[in-house]
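Have a look at the structure below, then the notes.
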Amino acid sequence: MSSEAMRPRGRPAHTPGTTVLTYTPNGRYTITGGSNSAIRIYSVGQDGEPKTIEEGADGHLGIGATNESFFMGAEDGTVWQYEVQSGRMEKLLVRCALPVRDIAVSKDGEWVAVASDELTVKLVNIEDMTKVKYLREQAKGTKHITFDPNGRFVAASCTDGIVYVYSLDSEEPELLRKLDGVVRRLEPEDEATARVVWHPDGTAFASAEATRDIALFSVGEWKKEIAFTGGHNGDITAISWSPNGALLVTAAKDGQVLLWESKTQKILQRYDFPNVLNVAWHPTQNSLSLTTSDGELFIYDGFVPNAHQPILQKPLQAAPIFPGALAEISDNAGRPLASRPKEAAPRKERMGSPDSLDDILGYDQEMDDFVEDDDGAGYAELINGHGKRTNEHLEEIDGHTDKRIITSFTKPKVHPPLQPGSTPWRGNRRYLCLNLTGAVWTVDQETHNTVTVEFYDRELHRDFHFTDPYLYDRACLNENGALFSNNPKDGSPATIFYRPHETWTARADWRTQLPQGEHIRALALSESYIVAVTTKDYVRVYTLFGTPFKVYRQKSPAVTCAAWRDYVMTVGNGPLASDGRTATLRYSVENVKRDEICQNEDVVALPENAELKSVFFSDTGDPCIYDSEGVLLILQHWRTPGQARWVPLLDTRQLERLASGRKEETYWPVAVAQDKFHCIILKGGDQYPYFPRPLLSEFDFRVPITDKPGKAPEDEEDGSATRNDRARLEESFVRNNLLLSLFQDLLSSTHATSSQRAELPRKELEVDKILLQLLAIECREGEERGMKALELVQMMKDRNGKMVEAAVKVAERYGRGVLEDKIRELAERRYAGEEDDDDELA
């Protein structure tokens with residue numbers, strides 16, 4: 001079939017010049033703007049005349065829309081907001097001093113990014129235009145601006161050929177990567193495109209190269225993976241992915257519009273369309289809209305030929321950058337699930353015909369009869385006769401068998417299984433999980449339980465609630481999904497159930513059963529894997545979509561586990577002591593994706609008679625434990641086999657709030673994040689949190705250098721104030737040196753970002769500043785402390801010699817001439833490349 005025979009009729013929309021267009025997200029309207037002041041609103045599926053708005057500014061260069069409003073950016077620097085249905089001009093959203101070149105609307109419909117010839121890009125809140133965020137790192141004006149589908153990044157393509165990628169995870173946008181050579185240098189008025197076009201699954205983006213090929217770059221690695229080559233003979237003017245990411249359309253100055261298959265990078269169809277400047281896929285239909293420099297709009301219904309329509313009808317496809325069957329397993333950088341509205345299929349369609357995919361793959365009909373929840377995810381209530389949940393929190397670990405009972409000893413005392421973040425039953429309810437993402441709790445309803453999942457960030461995820469006939473007794477929760485398991489008492493097999501928060505299929509949750517007689521002791525959930533340790537001492541690892549990835553037997557009886565990205569930490573009971581008690585707990589840390597053991601059966605550092613209260617990874621991926629003595633410890637150098645050691649970050653018994661002795665409180669560990677210990681304060685002898693859900697508290701780290709918290713210097717006499725200053729700075733030095741060591745380990749073992757590499761010298765400088773303050777104290781004490789003062793200077797990292805220069809000035813200020821000479825001598829040796837002989841200098 002020739003492309004000319006299928007060519008739609010052009011609709012004169014604007015005067016010749018730049019013509020922009022967009023669909024509303026629901027696909028009901030196509031909106032265009034051009035070089036004149038008119039704005040056209042076309043109702044999709046209707047051939048009538050469009051609604052015309054004549055009160056706009058001349059020269060529309062940027063456009064974006066939500067279902068309720070659309071936004072027009074013009075050459076006069078204004079961005080106006082209009083109502084979609086009526087076309088009424090609502091308000092001036094923002095004004096720039098120079099022409100607006102592009103507009104992008106975030107996926108959640110809350111922010112409009114405005115790119116202009118100014119050096120700063122503005123992110124304006126639609127509801128409150130006084131809330132503005134700024135992208136400030138650009139050296140030239142910005143030609144294009146785009147949000148990624150998951151709302152984590154925004155990319156600014158500048159006229160100097162550099163793409164600036166900002167992270168939106170924090171309150172203020174943070175420059176994540178500066179990509180040079182990804183796009184061409186272009187003038188603001190050029191018709192060729194430098195736009196970063198994100199793949200719908202959020203794991204890659206496409207951009208036009210100077211060679212007239214389309215390059216595909218991976219998110220996280222930020223490197224070129226593949227290219228769509230041999231297509232165009234002219235500068236590329238427009239690129240757009242199909243809504244499911246399986247197809248790509250490109251337009252160029254050679255008068256060709258090409259339809260590509262993403263997976264193979266092959267051209268499926270060529271169309272003759274001259275002067276195309278912009279293209280847009282309809283969100284749900286086989287339709288493509290194009291605008292030209294002649295001011296015309298083409299709405300091409302049936303754009304994808306019949307032979308290739310099955311590709312367009314597929315669900316969301318992964319970007320073609322992850323080869324093999326394990327494409328859904330994230331690497332250490334971690335990649336988010338695609339943010340896509342759930343499309344729950346009706347039950348009758350799901351069950352299908354006798355030869356449906358469910359029958360072929362052995363679909364378990366019981367999955368449809370799981371639970372009923374009030375968030376519309378399609379569960380069906382079933383009370384299956386399991387009966388009331390007993391009040392036992394965790395299974396007891398069996399000792400010796402009856403055939404091997406040693407009558408001269410009591411039953412061996414071992415550490416019981418531990419599910420981090422969970423509490424025992426209290427009354428008819430208990431927490432299954434408490435962490436920084438949210439809380440999961442269950443309520444005993446006699447014949448069944450009811451489970452509630454509640455999030456702290458309700459803008460990102462909404463709470464849900466369901467009836468639970470399976471009596472789940474363990475749970476994990478993170479930004480990706482919720483994980484549950486049970487250990488039935490009636491002889492039924494233990495089950496694991498996982499439900500992701502985001503899904504682009506009709507059903508993404510899954511459930512699996514363990515072999516008969518094998519129960520679960522602890523669960524863990526990371527961005528990449530699901531881990532269960534069992535009563536058979538097996539460690540079972542699954543992918544997030546239910547594929548068994550690894551099974552192995554732990555060397556010591558399992559106690560608990562934790563996971564972070566590709567890393568799994570397991571803890572088990574060590575050998576028994578002579579008194580029949582477990583002398584130690586043993587832990588192992590493994591990268592399951594790379595099949596590398598970082599630490600193997602090393603000892604968990606617990607004092608005598610202390611118990612492990614929780615185990616978890618910090619937000620930067622370092623293993624942490626919290627014990628019954630109230631001490632928080634972090635594992636240092638754990639990525640190097642045989643080098644790991646447990647270092648105390650905080651002894652809660654030394655907190656100032658307990659110094660008076662009048663307060664009786666303990667702390668329930670929750671997480672280590674942002675260099676703070678997050679916990680729940682328990683008062684009045686409570687051992688576990690209870691309802692209503694308590695607030696989280698946070699404490700700064702303080703390595704236990706002294707035996708009690710120091711008073712503020714102003715509360716002491718001069719000598720005591722100096723001692724407290726020294727103690728405070730010494731603790732700060734040890735703590736910051738530890739955090740620097742952890743950060744250096746992270747950089748050496750991962751693909752460090754530019755911002756992380758820039759952070760390293762800043763952290764080293766902070767340590768040196770502390771040493772400089774300690775040096776000043778020693779200089780005030782007198783010349784007799786000069787040897788310690790020189791030792792402090794020797795410990796400085798000091799990459800460029802500035803801190804040693806500052807140390808010379810400190811010694812000079814306090815009149816320590818001998819020390820000053822020694823420091824100068826040290827500087828000469830260090831920066832002349834000679835070895836520093838500590839003994840000789842001392």
Q: Tell me whether the guanidinium CZ or amine NZ of K613 lies under 6.0 angstrom from the six-membered ring centre of Y626 and within 45° of its axis.
A: no
(Q) Here's one to test your reading of the geometry: is the NZ or CZ of R426 within 45 degrees of the ring axis of Y690 and under 6.0 Å from its centre? (A) yes
What is the distance from atom [atom1] of [X] to atom [atom2] of [Y], rounded to the nearest 0.5 Å?
X    : Y    : atom1 : atom2 : answer
E698 : D675 : CD    : CG    : 11.0 Å
I681 : K683 : CD1   : NZ    : 5.5 Å
N435 : C476 : CG    : SG    : 8.5 Å
Q687 : T666 : CD    : OG1   : 7.5 Å
T512 : L514 : OG1   : CG    : 7.0 Å
Q554 : K536 : CD    : NZ    : 15.5 Å

Quick one about [Y] and [X] (side-chain donor to acceptor, distance below 3.5 Å, no hydrogens or angles considered), yes or no?
X    : Y    : result
T495 : Q513 : no
N486 : D473 : no
S588 : Q599 : no
H465 : T452 : yes
S528 : S526 : no

(Q) For the aromatic rings, using the six-membered ring if either is Trp, is the centroid distance between Y166 and F153 under 6.0 Å? (A) no
Donor-acceptor pair, side chain of [X] and main chain of [Y], under 3.5 angstrom:
X    : Y    : answer
S69  : T66  : no
H415 : L612 : yes
R702 : L650 : no
S170 : E172 : yes
E518 : T535 : no
S749 : D745 : yes

Under 30°, 30 to 60°, or over 60°: which ring-plane class applies to [X] and [Y], parallel, tilted or perpendicular?
X    : Y    : answer
F455 : H461 : tilted
W510 : Y498 : tilted
Y688 : W668 : perpendicular

Testing the basics here: between [X] and [Y], what is the closest heavy-atom pair and its distance to 0.1 Å?
X    : Y    : value
R499 : D509 : CA-CB, 3.9 Å
L477 : E454 : CD2-O, 4.4 Å
Y567 : R639 : OH-NE, 4.3 Å
A475 : C433 : O-CB, 3.6 Å
D201 : A318 : OD2-CA, 3.4 Å
V219 : W222 : CG1-CH2, 3.8 Å

**Q.** Within 6.0 angstrom of Q674 CD, more than 12 heavy atoms from elsewhere
**A.** no
Option passing side chain to side chain contact (heavy atoms under 4.5 Å, CB included) with [X] (candidates [options]):
X    : options          : answer
D622 : L742, L739, V647 : L742
F484 : V440, I496, L523 : V440
R521 : D537, N487, L418 : D537

Q: Determine, stepwise, if the pair N150 / W198 fulfils side-chain contact (heavy atoms from CB on, under 4.5 Å).
A: CA-CA 10 Å; N150 300 309; W198 301 88; over 6 Å; no
Q: Indicate yes or no: does R429 engage D444 in a salt bridge with an N to O separation below 4.0 Å.
A: no
